Amino acid sequence: MGGGLKPLDPLTLLSISYSGLGGRMQSTAALTVPAVILGAVVPIILLARMWLVSKRWDPRGQHCFVTGGSSGTGLALAILLVQQGAHVSIVARNEERLQKALSRLENHRRNSEQIIEAYSFAVNSEAGSAAALKAASGAHGGRCPDAFFLCAGSARPQFWVEQTEELMKADMDATYGAQAYTALVASKEMVKQGVKGKIVFVASILAYFSIVGYSTYCPGKFALRGLAEALHSEFKLYDIDVHISFPGTIYTPGYEQENKTKPKVTLKIEESDGGATPEYVAETILKGVQNGKFHITGDFIGNVFRASSAGSSPRNSYITDLFYGLVGYIALPVWRSSVDHTVRAHRKEHQEYLRQRGLLERS
Amino acid sequence: MFFGKKWDPRGRHCFITGGSSGTGLALAIILARNGADVSIVARNEKRLREALEILEEARENGGQVLRAYAYAVDSEAGSQAALKAASEPFGGRCPEALFLCAGAARPSYWVEQTEDTLKQGMQTSYWAQAYTALAGSKEMVKQGVKGKIVFVSSVLAFFSMVGYSPYSPGKFALRGLAESLQSELQLYEIDVHISFPPTIFTPGYQEENKTKPSITLKIEETDGGLTPEQVAAGIYKGVQSGDFHITTGWIGDTFRASTAGSSPRNSYMWDALYAAWGYVFLPAWRKTVDWQVQQHREEHYEYLRNCGFLAM
């Protein structure tokens, strides 16, 4: 007999049990046997499915590729992954920072089998990402990584009227280009090698909304979200999971840099905002990935925005999102009104700023 | 909201990119009929001339300035040049309303993309409008013109699915830009609007379908669509009413209400109803899309083998 035996499903069981009765028992009592079997088997199958689905992703033994991995959230994530027994490849540009990061990772090594490496590449191009991927796969006999954590990116808030084509292109590159090409190269390789892996984008809460000063940043972060939405659907062809995280302010050296040139009115609006450490953000990302969440947000405000903007994106919990969505429906417009008020109140000061920089002069 | 004065295009200079065909031309006709001065901008000279003739038929009065300009606006320099040319008949005064209808879609599988095709996709979906918005708003600020910027994005900026990875990022990016500018341009009293049309039945759409992945076509089988005239009428109405997000039809409205977040809403009452409906309908619809994609796996792997992406 060729071919494998098909697993017994409830219907097959039912027909076997019924035919086994030979149709001899014509009374309705004959139905009780298959009914009991169904009644026992079906819940067991459903419970088993639920348990399997809710099994958390375990990084142990998985090869995790982390871009932007020498500092901030990327490094914090790499440390967590190493602590949980993963093989980790961190990728960034600066060799010195990479070496420092690598020694920190070594301190968290859990067992001697773990392959922990650092690679210096610029990943904001297909070629750069491909080279980085090849190098990282080299230490694993050519097998590509199982999970890609794309933490590369930076922000440069500034007024719209100060932009040029060049600046806009550079900003798109630093937000979208920093992750899209790695995702491209990674997924192509995973499909070719039949690796049912994961791609984790790191966007920003500024992919749910925007305010004055972020016209240089939001387009790229929204673009990442659009990409994640497309890929989440498309990758059902390959059993590759897609996750995307939306952190708020993260207290990194990059953030200090950003604030030096950030428009005053933006700083004013953000005055009362909190922020999080890279370690906290990394924890929420890993937790979200382990729990199989598509959109990952780490705090109350993030959850409110997420629930209020989800649309048709698969939700993690339809019940709690209802709560967050209702809160958002009332609170967000109120908050937004106050932001608009702050912007309008800034008009006069802003005109002065423009005059001083010669931006009101006609060419 | 209820008693606000409607925006009147009469006597206002409206600058329309992608204005020689499809939604752009349909908008130009509506604006011309309502007494606006209209400048249409596109690349193809012949199509522009034909469009201008059609526009002339919509002329409402003898004083209207109706012009056509051949420029590629997908660069800052090109946009600046087009704006300068269009401002000349007005003594250098820049247009008051920019209707940015330029753009195109080329849906295809992600694994068939390269850095070049991704950049091309961003060029036709995002940059085609972003640079004109930049050049136009800078000029408005310098001249103290309290104008309007109208982006034309897509429902594929509210969600996405298989086949649209070269297109949705750019359309989402337009939305991100509109969100930023809606806040920031209050510094200058410049209004921002963004429209999210569904499928529009244009020659461009026929082109798109020639190379669209078969699974995407299958999923869209039951979708309706709108004519350019319907989309243009919806945009015009939305701009007149001062709506920020402009959608036409209940599907667009449902998506808009379900994804608005903190974006200013046009009607909190209607949106609550659409959002409640969307909370139930959208996930159900999404599940059917996911199921169809999963069903397509075997056929897709065959396709990948045939085109050489996977070894036979």
Side-chain angles (χ1 to χ4, degrees), chain A residues 125-126 159-161 163-165 168 172 176 180-181 184 187-188 191-192 207-215 218-223 225-227 229-231 233-234 236-237 305 308-315 318 328-329 332-333 335-336 339-340 343-344 346-347 350 354 360-362, chain B residues 75-76 109-111 113-115 118 122 126 130-131 134 137-138 141-143 157-165 168-173 175-177 179-181 183-184 186-187 255 258-265 268 272 278-279 282-283 285-286 289-290 293-294 296-297 300 309-310:
Chain A
S125 69
E126 190 177 9
F159 285 120
W160 172 243
V161 294
Q163 301 318 300
T164 61
E165 176 170 331
M168 285 170 79
M172 184 62 83
Y176 181 67
Y181 303 122
L184 181 65
S187 38
K188 278 177 172 177
V191 172
K192 285 187 178 153
Y208 284 137
F209 75 98
S210 190
I211 57 171
V212 56
Y214 287 110
S215 65
C218 279
K221 287 303 186 180
F222 268 74
R225 180 178 163 202
L227 181 59
E229 295 289 338
L231 299 184
S233 162
E234 191 158 329
K236 297 220 182 278
L237 289 169
F305 269 110
S308 306
S309 331
S312 64
S313 307
R315 292 179 194 265
Y318 284 84
Y329 206 78
L332 292 178
W335 166 79
R336 181 48 186 256
V339 172
D340 287 348
V343 172
R344 289 194 288 259
H346 187 74
R347 274 180 195 158
H350 184 63
L354 293 180
L360 289 178
E361 271 148 48
R362 309 227 347 222
Chain B
S75 70
E76 191 182 7
Y109 287 116
W110 174 245
V111 295
Q113 303 312 307
T114 61
E115 179 170 330
L118 288 186
M122 192 59 87
Y126 178 67
Y131 295 131
L134 181 69
S137 44
K138 275 176 168 177
V141 170
K142 285 181 185 172
Q143 299 186 19
F158 285 140
F159 76 98
S160 194
M161 59 177 200
V162 58
Y164 286 109
S165 62
S168 272
K171 289 305 186 179
F172 267 77
R175 181 176 163 203
L177 181 59
E179 296 290 337
S180 314
L181 298 184
S183 164
E184 188 160 333
Q186 292 187 45
L187 286 170
F255 269 112
S258 305
T259 55
S262 64
S263 306
R265 294 180 192 263
Y268 284 86
Y279 208 76
L282 293 177
W285 166 78
R286 178 49 185 255
V289 172
D290 285 348
V293 175
Q294 275 155 342
H296 188 74
R297 270 186 202 163
H300 181 64
F309 180 81
L310 287 177

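Just so you know, these numbers come straight off a predicted model, no measurement behind them. Just so we're on the same page: letters track the sequence lines, and every chain starts at 1.
There is a side-chain donor-acceptor pair under 3.5 Å between A/S187 and B/W110. With 3.5 Å as the limit, one finds a donor-acceptor pair spanning the side chains of A/S210 and B/S180.
B/R297 meets the salt bridge (charged side-chain N to carboxylate O under 4.0 Å, His left out) test with A/D239; sequence neighbours excluded.
With hydrogens and angles disregarded, no donor-acceptor distance shorter than 3.5 Å links the side chain of A/Q163 to the backbone of B/L134. Between the A/Y329 side chain and the B/Y268 main chain, a donor and an acceptor come within less than 3.5 Å of each other.
Top candidate by heavy-atom pairs under 4.5 Å with chain A, chosen from B/Q143, B/H296, B/M122, is B/Q143. Taking chain A as the reference chain and counting heavy-atom pairs below 4.5 Å, the highest number among B/L282, B/V141, B/L118 is found for B/L282. Counting heavy-atom pairs closer than 4.5 Å to chain A, the top-ranked of the candidates B/E76, B/E115, B/E179 is B/E115. When the candidates B/G170, B/S75, B/A260 are compared by the number of heavy-atom contacts under 4.5 Å with chain A, B/S75 comes out ahead. In terms of non-hydrogen atom pairs under 4.5 Å with chain A, the most contact-rich of B/Y109, B/F159, B/Y131, B/W285 is B/Y131. Your options are B/Q186, B/M161, B/Q113, B/R175, and the one with the most heavy-atom pairs under 4.5 Å with chain A is B/Q186. Contact tally against chain B (heavy-atom pairs below 4.5 Å) for A/C218, A/S309, A/S215: the top residue is A/S309. Across A/L237, A/V343, A/L360, the residue that shares the most heavy-atom pairs under 4.5 angstrom with chain B is A/L237.
Using a 4.5 Å cut-off between heavy atoms, B/A272 touches chain A through backbone and side chain atoms alike. The part of A/H350 that comes within reach of chain B is its side chain, from C-beta onward, which places non-hydrogen atoms under 4.5 angstrom from that chain. With a threshold of 4.5 angstrom between heavy atoms, B/L187 approaches chain A through its backbone and through its side chain. For chain A, no part of B/F158 is nearby; none of its heavy atoms comes within less than 4.5 Å. For A/Y318, the parts lying near chain B are the backbone and the side chain together; criterion is any non-hydrogen pair under 4.5 Å. Using a 4.5 Å cut-off between heavy atoms, A/L231 touches chain B through its side chain atoms alone.
Of all non-hydrogen atoms in A/G226 and B/S168, the two that sit nearest each other are O-CB, 3.9 Å.
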